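Taking it in order: structure first as structure tokens, then the write-up.
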Amino acid sequence: MYSEYDHLNLPKIDQAILEFWEKEEIFDKSVEGRDPDNAFVFYEGPPSANGKPGIHHVMARAIKDIICRYHSMKGKRVERKGGWDTHGLPVELQVEKELGITKDDIGNKISVAAYNAHCRETVMKYKSVWDDLTVKMGYWVDLDDPYITFKNEYIETVWYLLKKFYTKNLLYKGYTIQPYSPGAGTGLSTHELNMPGAYRDVTDTTVVAQFQVVRDDTSDFLWDDMEDRTDLYLLAWTTTPWTLPSNTALAVGPAINYVRIRTMNPYTGIPIRVILAESLISKWFDPAGEHGDFGGYKAGDKTVPWVREAEWKGSELDGVRYEQLLPYLQPDDGDAFRVLVDAFVTTEDGTGVVHLAPSFGADDRRVAQKYGIGSLTMVDKKGKFVEEAGEFAGRYVKDYQDEGDQFTAVDIDIAVKLKKENKAFNIQKYVHSYPHCWRTDKPILYYPLDSWFIRSTAMKERLVELNKTINWKPASTGEGRFGNWLENLQDWNLSRSRFWGIPLPIWRTADGSEEKCIGSIEELDKEIAVANESLGLEQSVPEDLHRPYIDEIVLVSESGEPMKRETDLIDVWFDSGSMPYAQWHYPFENEEKFKENYPADFISEGVDQTRGWFFTLHAIAGMLFDSVAFKNVISTGLVLDKNGQKMSKRHGNAIDPFKTLSEKGADATRWYMISNAQPWDNLKFDLAGIDEVSRKFFGTLYNTYSFFALYANIDKFKYEEPDMTWEERPEIDRWILSSLHTLTKEVDELFGAYEPMQAARKIMYFVDDQLSNWYVRLCRRRFWKGEYGADKIAAYQTLYECLTTTAKLIAPIAPFFGEWLYKNLNDVSQLEPYESVHLSLMPTVKEDQIDQALEERMGYAKRISSLGLSLRKKEQIRVRQPLQKIILPVLDPRFEAQVRAVEDLILAEINVKQIQYVTDTSGIIKKSIRPNFKTLGRRMGKNMKAAAALINQLGQEEIAEIEKSGGYQLQIDGEDYALTLEDFIIGSEDIEGWMVAKDDEITVALDIQLSSDLMAEGIARELVNRIQNLRKEAEYEVTDRIEVEMSRNATVLPAVEKFSAYIKEEVLADELIITENLEGQEVELIDGEKIKILLHKN
RNA sequence: AGUCCCGUAGCUCAGCUGGUUAGAGCGCUACACUGAUAAUGUAGAGGUCCGCAGUUCAAGUCUGCGCGGGACUACCA
């Protein structure tokens, strides 16, 4: 017996299926049962379990699950090793919050050992919550043996990889400009800079400084047309005057136009000439002063006179020297105080000349290095000027001492000094947004810090090339966002001055002249032994490779000097990018396993991981193994609330995934997410959408199954008979099977092409429109009428195949309902040897059953039926009232043949006795004609418009002529065009004397004349309907036989006389009796006509 | 600031290599149907396809410039 249910309850199905999976270990079987040599490799991007999962995790993991389940059902072995990301700043921050400490307290109030121990605990805080979600949403991943990034084995592999970089000379120590908080005494990560509230508007004193040009061979041309010998200055703007003493160069844009302007210094009144970008003149000069009175100008006057004198391209200024602005100290390397040319300079603001302080700006440093110019670092790590800074020595550049009102801004003093010395052209307050340290609330500095880098720039070309072999979904992320990122690749800054993370395995002598990089525990052990002997120590490899234990190890150099570990940790992104190797502890263990599972066929994460995990996987694989790490990748979008806002606890619009899953069911949630938007588009998550999916899609599929189960149980259909041959099946069965296999083919291709949304939508269309609303609706009678014979068996077999195939097609997206449906069917029929749909194989496409002509003519049937019903509606004639005929203009012989093949279906659907096919020879059809732009456009080109006008006005005779001769000569603009039938779209327009309905090229007319026979039959059908309703009210079984008594009624009599056999058969009545004065149920028939009916069960 | 995604009916989204009446579902209104019934059918209302310019015989579709939402990277005078 097929199981029958009272109603659809998705959460209940989830539970039952989960129990089944667990008891029978279906996941294990789905992996173990497949051949290891036929693997589909998936990498799990490790989540961090120190926070709770959100609804977006359901989305991300649904995608992963769908692709993996699909390939498993294609016969692949899909191992899915889970993993946990355990290091990094978020963990540290959480611990600090829990303990109520700051970074400064680490090592003082709390030991590093205790701190790290706490991190280790915290990081798995919500592991059980995550595991719970994984199970409940039906995400199949191996949770028993996950990789964990803080384990020694994992760290050892990471060390192995780092050593590989080191020996390839791709790992180096360098000096870069990084965000730095003098208050906290630490560098900040970009993550910290991007924390909410980090950027704040501040008011700074800005200065346009005058850098005096040195007149020499290089710069002489700047004076060429000058009569007097006024001093010449380059104008450069800065929002950070405190960096001016550290200035070592100026930069101009190569393509920017610069002008020389004669004017006066507004503070000193001294005549000067200045150079700045042409497009920024108006920013600094009042138009009223142009060609003003130089002679009458006094310092402080409002309008400063100026005149434009000469102009040059930025590239011409290359190498021009200038006097150091504030000469306290000079760099001891490089040829400083020159004009440099670089494209980063813009004319957005400032003067188009950029002041470069290479110690305090990343761009500054980059350009200075390009030209080999050194730097000055006139501010120390506390944020105050160094001793050499003259009158400013010891002063803090910002209020880092928390002096509040007592703090006097050194920026202002610098500005005043410049003003006095005729070196300031303009001083003003300026409001802009500037990053602040989230911990001290003070503005950060950009400061040069020591860091370890991976020389990714050295391998850039190869990484770009390898990327081109990766299949990105969507492609634009791969080419655009990721591709551009690779094109502009910078060296990868690995260093983090933190505590909880993988320690950099590099030991150095005090002077940095000798160093060692350790690539394994065994190597460390050997080095320790050497050091112990040489230095007389008794060290051993620590049990925990984290700080502080690893810091205590002292090694010895070749020359016998002691070496200490570089205290840096490495970027956690390196951890996750190492997972293809480290999850197997390669190369120390599992070499075979690793090779079988490298690279990945598929990965998927949020698009925000493009420069995160996607990059680190790619970089490590490309640089060390000359391979991609993954062949296919889906980068998923965000999950927003239904109004398109980001979900957050703060806004109270976050959706609880557990509540959603338990109330709506996992499958409805998954199906909704997948079918609603492309995975890479942002999803506007609306709970009402899940209800819709659940009602419309799962409800319909459930109803279809219930319908099948109800009658299959009555008829004891268990699919024991041999398959009906193609010839034995009626047209409609062939059609639904053809559609089914077309669907199977498309869905298979779409899953294979990583397009789950398209697959889901195709399935929905099939289930709702084709299977339920057409096949089942039209075939209902076949299931409950008549004997258990060939036609009935064909119907059962067909519907069974549709349902079981659908179960397989939906299984990747809706694993629970797919399983439920499959088992309900297959457990009874035992047609397939699988205990689970997830152990079965995707259905094979029966190409020979796909019949496009058949699908086309069924399309005609649907459209013609729809037009017929539409006409009935207009004429207000009930569908139960049979009509004599519809009239259908025949477009061409093929059309007629196609419609004739499905005629019975149309007649039954719209309750009409016959179709009258009329050809144009009868003269009652008016035809319409349109040009076929697709075939004509290319040939006609410019004449297309004229041609369309001509064709549109062709009359009936001409259309008839075209149809007869199959062609037409068109003349436009003296040109002849020979058109064929293909170049026209001819349809039927009207049938004279009839009310018609049209749908594109098809037109239908309905004969609404009623004969007495038709009326009687109409009444008979009304009677059947009323009796059926009464049967239902009386709660008779669908198989009960009955006896019917009716009151005498003039309208009803002819119907009973002529159609009593029909009525009896329809309502399963043995007797149909007319009784005078019957005491029965009164029901209304039509037009207010009433009749009494009484039923007895026989 | 740069790169990428998105912008089509009240809502969620289709719309293939450009081809002439721009679609679906939900929601709304009315009517019908009923041995699947929290389903279904028919009809109706609802669109400057974000804007502007260009290419073309022809643009929702291609190009450019904007606008709005989002993500990432950066924040620099």
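Convention: sequence-line order gives letters A, B, ...; per-chain numbering from 1. Please read these numbers as outputs of a predicted model, since none were measured by experiment.
Among the nucleotides rA36(B), rC33(B), rU42(B), the one closest to the side chain of Arg878(A) is rC33(B). Checked against rC76(B), rG19(B), rU42(B), the side chain of Met944(A) finds its nearest nucleotide in rG19(B). Side-chain atoms of Lys696(A) lie closest to rG25(B) of the nucleotides rG25(B), rU20(B), rA36(B). Nearest nucleotide to the side chain of Asn773(A), out of rG41(B), rA58(B), rU12(B): rG41(B). Side-chain proximity of Arg695(A) to the nucleotides rA36(B), rG27(B), rU40(B) is greatest for rG27(B). Listed nucleotides rG19(B), rC13(B), rA36(B) differ in distance to Ala677(A); the shortest reach to its side chain belongs to rC13(B). Side-chain proximity of Glu692(A) to the nucleotides rG25(B), rU42(B), rA36(B) is greatest for rG25(B).
Between Glu755(A) and Lys473(A) there is a salt bridge, with a side-chain nitrogen of the basic residue lying less than 4.0 Å from a carboxylate oxygen of the acidic one. A salt bridge is absent between Glu909(A) and Lys862(A): the closest approach of a Lys/Arg side-chain nitrogen to an acidic carboxylate oxygen does not fall below 4.0 angstrom.
Residue contacts shown for Arg761(A) are limited to sugar-phosphate atoms, with no base heavy atom under 4.0 Å away. Looking at heavy-atom distances under 4.0 Å, Phe360(A) makes no contact with the nucleic acid at all. Within 4.0 Å of Asn1025(A), counting heavy atoms only, lie sugar-phosphate atoms of the nucleic acid but no base atom. Note on Ser706(A): nothing from the nucleic acid sits closer than 4.0 angstrom, heavy atoms only. Val353(A) comes within contact range of no nucleotide atom at all, as no heavy-atom separation falls under 4.0 Å.
Nearest-nucleotide positions on RNA chain B place Asp681(A) closer to the 5' end than the other of Asp681(A) and Leu710(A). Where Gln758(A) and Arg780(A) each meet RNA chain B at their nearest nucleotide, the meeting point lying more 5' is that of Gln758(A).
One finds a side-chain N or O of Lys684(A) lying less than 4.0 angstrom from the OP1 or OP2 phosphate oxygen of rU12(B). Proximity of Ser870(A) to the phosphate of rA43(B): a side-chain N or O atom is located under 4.0 Å from OP1 or OP2. Residue Lys934(A) has no polar side-chain atom (N or O) positioned under 4.0 Å from OP1 or OP2 of rC16(B). Phosphate proximity of rC76(B) to Tyr446(A): present, with a side-chain N or O under 4.0 Å from OP1 or OP2. Between Ser866(A) and the phosphate of rU42(B), there is a side-chain N or O to OP1/OP2 separation shorter than 4.0 Å. In terms of phosphate contacts, Arg930(A) brings a side-chain nitrogen or oxygen within less than 4.0 Å of OP1 or OP2 of rU21(B). The side chain of Asn943(A) contributes no N or O atom lying less than 4.0 Å from OP1 or OP2 of rC57(B).
Taking atom CE of residue Met59(A) and atom C1' of nucleotide rA71(B), one finds them 15 Å apart after rounding to whole Å. Atom OH of Tyr765(A) is separated from atom C1' of rC13(B) by 17 Å (rounded to the nearest Å). In this structure, Leu799(A) atom CG and rA36(B) atom P are separated by 13 Å, rounded to whole Å. Atom CG in Asn952(A) sits about 14 Å away from atom C1' in rG19(B), given to the nearest Å.
Between the side chains of Thr239(A) and Asp204(A), no donor-acceptor pair is found at a separation under 3.5 Å.
The only option from Phe707(A), Phe708(A), Tyr711(A) that meets the ring pair (Phe, Tyr, Trp, His ring centres under 6.0 Å) definition with Phe783(A) turns out to be Phe707(A).
As rounded to the nearest Å, rG46(B) and rG23(B) have P atoms that lie 15 Å from one another. Comparing rA32(B) with rA71(B), their C1' atoms are spaced 50 Å from each other, to the whole Å. Between the P atoms of rA53(B) and rG70(B), the separation comes to 28 Å (whole Å). rA24(B) and rG41(B) have their P atoms separated by 12 Å, with the value rounded to a whole Å. Distance noted for atom C1' between rG18(B) and rA30(B): 40 Å (whole Å). With C1' as the reference atom, rG7(B) and rG47(B) are 14 Å apart, rounded to whole Å.
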ask   = Between Trp671(A) and Phe697(A), is a side chain to side chain contact (heavy atoms under 4.5 Å, CB included) present by the stated rule, with each step listed?
value = CA-CA 9 Å; Trp671(A) 196 280; Phe697(A) 177 67; 3.6 Å; yes
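For Arg872(A) (side chain) and Asn911(A) (main-chain N/O), a donor-acceptor pair under 3.5 Å exists by modelled atom type.
Across all strands shown, rG25(B) pairs with rC11(B); the Watson-Crick or G-U wobble distances both stay below 3.5 Å. Base pairing of rU73(B): its partner is rA1(B), meeting the Watson-Crick or G-U wobble criterion (both donor-acceptor distances under 3.5 Å). The nucleotide rG51(B) finds its pairing partner in rC65(B), both defining distances of the Watson-Crick or G-U wobble pair being shorter than 3.5 Å. Remark: rA38(B) base-pairs with no nucleotide in the shown strands. Criterion, Watson-Crick or G-U wobble with two distances under 3.5 Å.
At a cut-off of 3.5 angstrom, counting only N and O atoms as typed in the model, there is no donor on one side facing an acceptor on the other between the side-chain of Thr700(A) and the base of rA36(B).
Between Trp492(A) and Ala619(A), the shortest heavy-atom distance links the atoms CZ3-CB, 4.2 Å.
When side chains are defined from C-beta on, Phe360(A) counts as touching Ser246(A), because their heavy atoms get closer than 4.5 Å.
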